[in-house]
Amino acid sequence: MPNIDYFNLPWKDQWEWERTKLPTVTQRYVENSKTYAAKDLQRFNPALYKGDGNGTMTWGEAYERVENYACGLMSLGLKKQEMVAIMSASGPYWTHADMALACANGVSVAIYPTLSLKEVSYIVNDSASKFIFLRGADVLKMVLSGIDRMPKLEKIIVMDREYKGQDSRVIGMGELERMGEEWKKTKANYEAFIVRRDGVVLDDIYTILYTSGTTGQGKGVVLTHHNASSRMNGVNEFFKYCGMDFKTEYTTLCFLPLAHIFDRGSCQLAAIFNGCTICYADSPGTLVADLQKYNPHWINCVPRLYEKIYIQLQQTMGESGLKRKLFDWALGVGEQVFMRRYDPETDTYNMGHDYDVTRDLPLGLKIKFRIADKLFAKVRALFGSNFKHSFSASASISPELLRFFYIIGIRVSEGYGSTESFNACANMPLRACRPGSVGLESNGSRLRVSEIGELELRGAGIFREYWNKPEETRSSFTEDGWFKTGDKVEVDRFGYYKIVDRIKAIICLSSGKNVAPAKIESLFATSPYIDQVFTIGDERAVISMLFVPNLTYFKDKFDREGIGYDKNAVVIDSSAGAPIVVKVGPDFIEKGNIRGLIAEEIAKANRELEGFEQIKQHTVLCERFTEQNGMLTPTQKVKKRVVLDVYSGEIEKMYSRP
């Protein structure tokens, strides 16, 4: 018996947002700041913010500060719908700046703090940003060094309340707040602020987010208050129906970039629209410790994190011994219990919070599962004591990996969305999960598949335009107004969507056969030996690949086992909060059977592939793809053109081999 009435869903004919008077982001933020004034809005590490608030801030306290910032911006001459950039890692001050701009009816232009001066200058100039909020001495130094390239930029606002400097072009957030407090003492000024704040309408622009540009220059995606509000309303309708709704007592942990739509929507705005609390991780590298510290109810995650947890767990268990045997036994028991969640008619599993899988278990299996679940509980404890579920996006997660997490009791809802759709337009309902799919049409959206298999969208969240790019905007929509995503998909009779790959990413071999790189690359997702892969084959006879070994894993292994290598050639990056080996010398990959282990992984993958999809040649690289070397975007997507150019020699050598 299906757990969802697929053919009579409540929104079959109309979503709730289509018949509801929606609030703007500003309106909902102001209303909830009054409703939950004494409740924590934010929790964070005070040591990173010079003791600010002892690491907590209520809704009321945050609003008072936000109002002062908004008035400060108006005192500096910010007009309605003028652009202001925010360039910072995620943190409480990012949210303050964002909400201050919403209250002043300005437009936040999100910039990743890892971008180069050239990229920052392009975004600031293209958006005509009047001011920029930024955090970090290095970022300030970089922007100041190139400020002459940004002629419309009038003021830099350092996201440090105690900042004091000599440059008149730069002020700190503390000074901005004091300016706002003084400015609003004049009755006419404060009335002007209230008119501005309460005059925000749904068609006003809320934010502009620049796409990561894997194949070229990024585009500014214009998102309105209507885009945000319709998406949040659709999310709440879908989630409530699926037993995944946000409750006001819930907390979330923000560790992904707020410059990206995923955490901006599914973390920050989900909390603001539902009266929840936002906790901020110190850095992505401190995530495990921060999960224990803040005990969030939900988090947003990318597949790579799940893969790393799985790999680390497998390494901890070892390849043999009592621990491995015990864990394998527990997984076997867990799988038996997991299959009781299975509905063969729809090929789905009921992972709903309200479903008690142990209720009708035979006594023997119930006893075994109690023992097995004690082991699983230790893994679940990594996510904190309040954890309900997480959301996965930005790339597909391996179906086998998802089943593993379901077996041990960790609920993950995979979704699909983009900047242009203001977050997920398809989501996996926990009551009917299908690993390998991104779920159903959801969250206020309508989905359809074109004649060429391309996913097309309309409804909640769909962006207004690409900033200053009318031709690209027109070409991104069909004649009847559906957004063309550029993704090739499949959909079944129950409405489950499966992403095949980006249409532009699909490789066409010289034989005419089409190959989806995502299918091949997913086979290496849980390998402990392989960190990154890149597939090649356009207009070639066969598929070849570039492999980056898990350099950190092998360095630790070599150090433990006394295997020598050129330590002077090793480059370690700790910018994410944890040390990662990003480069080694040529001698390194000749040690420890790295080549042999990768060859074994390739052979295993080839057994899962059709003949024309199989990897015939490969090269092992000494350096990771990173933002610093220009081969990754801030969202960790590989820049195809850069990789093809940098490794053109290695690629030609592969295809010259017999």
Side-chain angles (χ1 to χ4, degrees), residues 17 21-30 66 69-70 73-74 76-87 94-112 122-133 152-154 157 193 195-211 218-234 258-265 268-269 272-273 417-423 444 457-474 476-477 481 483:
W17 71 263
K21 184 180 179 181
L22 295 170
T24 63
V25 173
T26 308
Q27 183 182 346
R28 181 50 54 89
Y29 171 67
V30 173
V66 162
Y69 290 151
L73 291 168
M74 289 179 67
L76 287 170
L78 182 71
K79 296 181 176 60
K80 176 181 174 180
Q81 290 288 276
E82 283 192 312
M83 313 290 172
V84 177
I86 306 176
M87 185 179 179
W94 208 110
T95 302
H96 294 167
D98 190 29
M99 290 301 104
L101 286 165
C103 287
N105 202 357
V107 178
S108 59
V109 179
I111 302 179
Y112 291 95
Y122 165 71
I123 293 173
V124 169
N125 291 334
D126 186 61
S127 64
S129 289
K130 190 169 188 173
F131 311 136
I132 183 170
F133 284 91
K152 294 184 179 179
L153 187 63
E154 297 180 12
I157 303 165
F193 163 71
V195 169
R196 178 85 66 88
R197 185 197 71 185
D198 296 348
V200 178
V201 297
L202 290 167
D203 284 340
D204 283 334
I205 302 171
Y206 161 55
T207 190
I208 297 180
L209 302 180
Y210 280 75
T211 58
K219 300 187 289 285
V221 180
V222 176
L223 297 166
T224 66
H225 284 264
H226 186 275
N227 294 146
S229 192
S230 60
R231 175 62 73 213
M232 290 302 109
N233 186 283
L258 284 170
H260 190 275
I261 194 61
F262 190 18
D263 247 31
R264 185 81 166 279
Q268 179 179 282
L269 288 186
I272 285 172
F273 269 70
S418 64
T419 306
E420 289 87 347
S421 66
F422 208 109
N423 235 313
L457 315 174
R458 73 174 185 185
I462 302 302
F463 76 120
R464 176 193 288 179
E465 62 184 304
Y466 292 120
W467 189 250
N468 292 332
K469 288 181 166 49
E471 288 304 317
E472 285 90 336
T473 301
R474 276 192 288 273
S476 295
F477 288 87
F483 172 59

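Note: hydrogens, waters and symmetry copies are ignored here, and every other heavy atom, side chains too, is used. All residue numbers in this chain count up from 1 along the given sequence. Because the structure is a prediction, the values reported are computed rather than measured.
- The main-chain N or O of Asp203 is found under 3.5 Å from a side-chain atom of Arg464 such that the two form a donor-acceptor pair.
- Remark: the backbone N or O of Ser127 is not paired with any side-chain donor or acceptor of Asn468 at under 3.5 angstrom.
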*side-chain contact (heavy atoms from CB on, under 4.5 Å) between Ile261 and Leu223, worked out*: CA-CA 10 Å; Ile261 194 61; Leu223 297 166; 4.0 Å; yes
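- Remark: the backbone N or O of Gly417 is not paired with any side-chain donor or acceptor of Ser421 at under 3.5 angstrom.
- No donor-acceptor pair under 3.5 Å is formed between the side chain of Ser108 and the backbone N or O of Thr207.
- Here the closest heavy-atom approach between residue Ala110 and residue Ala259 is recorded as CB-CA, 3.7 Å.
- Ile205 contributes atom CD1, which lies 11.0 Å from atom NZ of Lys80 (distance to the nearest 0.5 angstrom).
- In this model, a donor atom of one side chain and an acceptor atom of the other lie less than 3.5 Å apart for Gln81 and Asn105.
- For the pair Lys130 (side chain) and Gly77 (backbone), a donor-acceptor distance under 3.5 Å is present.
- Scanning all heavy atoms of the two residues, the minimum distance from Ala70 to Ala100 falls at CB-O, 3.5 Å.
- The aromatic rings of Tyr122 and Tyr210 sit perpendicular, their planes meeting at an angle over 60°, well past the 30° parallel limit.
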Quiz item: Could you walk me through whether Arg231 and Trp17 pass the side-chain contact (heavy atoms from CB on, under 4.5 Å) check?
Solution: CA-CA 8 Å; Arg231 175 62 73 213; Trp17 71 263; over 6 Å; no
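- Remark: side-chain polar atoms of His225 are paired, donor with acceptor, to backbone N or O of Val25 under 3.5 angstrom.
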Exercise. Does the side-chain contact (heavy atoms from CB on, under 4.5 Å) test come out yes or no for Tyr29 and Asp98, once each step is laid out?
Worked result: CA-CA 11 Å; Tyr29 171 67; Asp98 190 29; over 6 Å; no
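- For the residue pair Phe422 and Gly265, the shortest heavy atom distance occurs at CE2-CA, 4.4 Å.
- The distance from the CD1 atom of Ile111 to the CD1 atom of Ile208 is 11.0 Å, given to the nearest 0.5 Å.
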Val107 vs Tyr206, side-chain contact (heavy atoms from CB on, under 4.5 Å): CA-CA, chis, key distance, verdict: CA-CA 5 Å; Val107 178; Tyr206 161 55; over 6 Å; no
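- Using a distance-only test at 3.5 Å, with no hydrogens or angles considered, no donor-acceptor pair links the side chain of Ser129 to the main chain of Phe131.
- In this structure, Lys219 NZ and Glu472 CD are separated by 6.5 Å, a value rounded to the nearest 0.5 Å.
- In summary, the side chains of Asn227 and Thr224 do present a donor paired with an acceptor at a separation below 3.5 Å, with no hydrogens or angles considered.
- By the side-chain hydrogen bond (donor to acceptor under 3.5 Å, both in side chains) test, Gln27 pairs with Glu31, sequence neighbours left out.
- Taken to the nearest 0.5 Å, the CH2 atom of Trp94 stands 3.5 Å off from the CZ atom of Arg264.
- The side-chain heavy atoms of Val222 and Thr473, taken from C-beta on, include no pair separated by under 4.5 Å.
- Remark: the Tyr466 side chain and the Glu471 side chain contain no N/O donor-acceptor pair separated by less than 3.5 Å.
- The nearest pair of heavy atoms linking Cys103 to Val30 is SG-CG2, 4.2 Å.
- In this structure, Phe483 and Phe463 have perpendicular ring planes: the angle between them is above 60°, well past the 30° mark.
- Residue Ala128 comes nearest to Lys152 through the heavy atom pair CB-CD, 4.0 Å, listed as atom of the first residue, atom of the second, then distance.
- Interatomic distance, Glu465 CD to Phe477 CZ, rounded to the nearest 0.5 Å: 9.5 Å.
- Between the side chain of Thr24 and the main chain of Val201, no donor-acceptor pair closer than 3.5 Å is present.
- Taking each heavy atom of Trp467 and Asp126 in turn, the nearest pair found is NE1-O, 3.0 Å.
- Note that the CD1 atom of Ile86 and the CG atom of Leu258 stand 9.0 Å from one another [nearest 0.5 Å].
- Panel note: side chain Arg28, backbone Ile272; no donor-acceptor pair is recorded below 3.5 Å.
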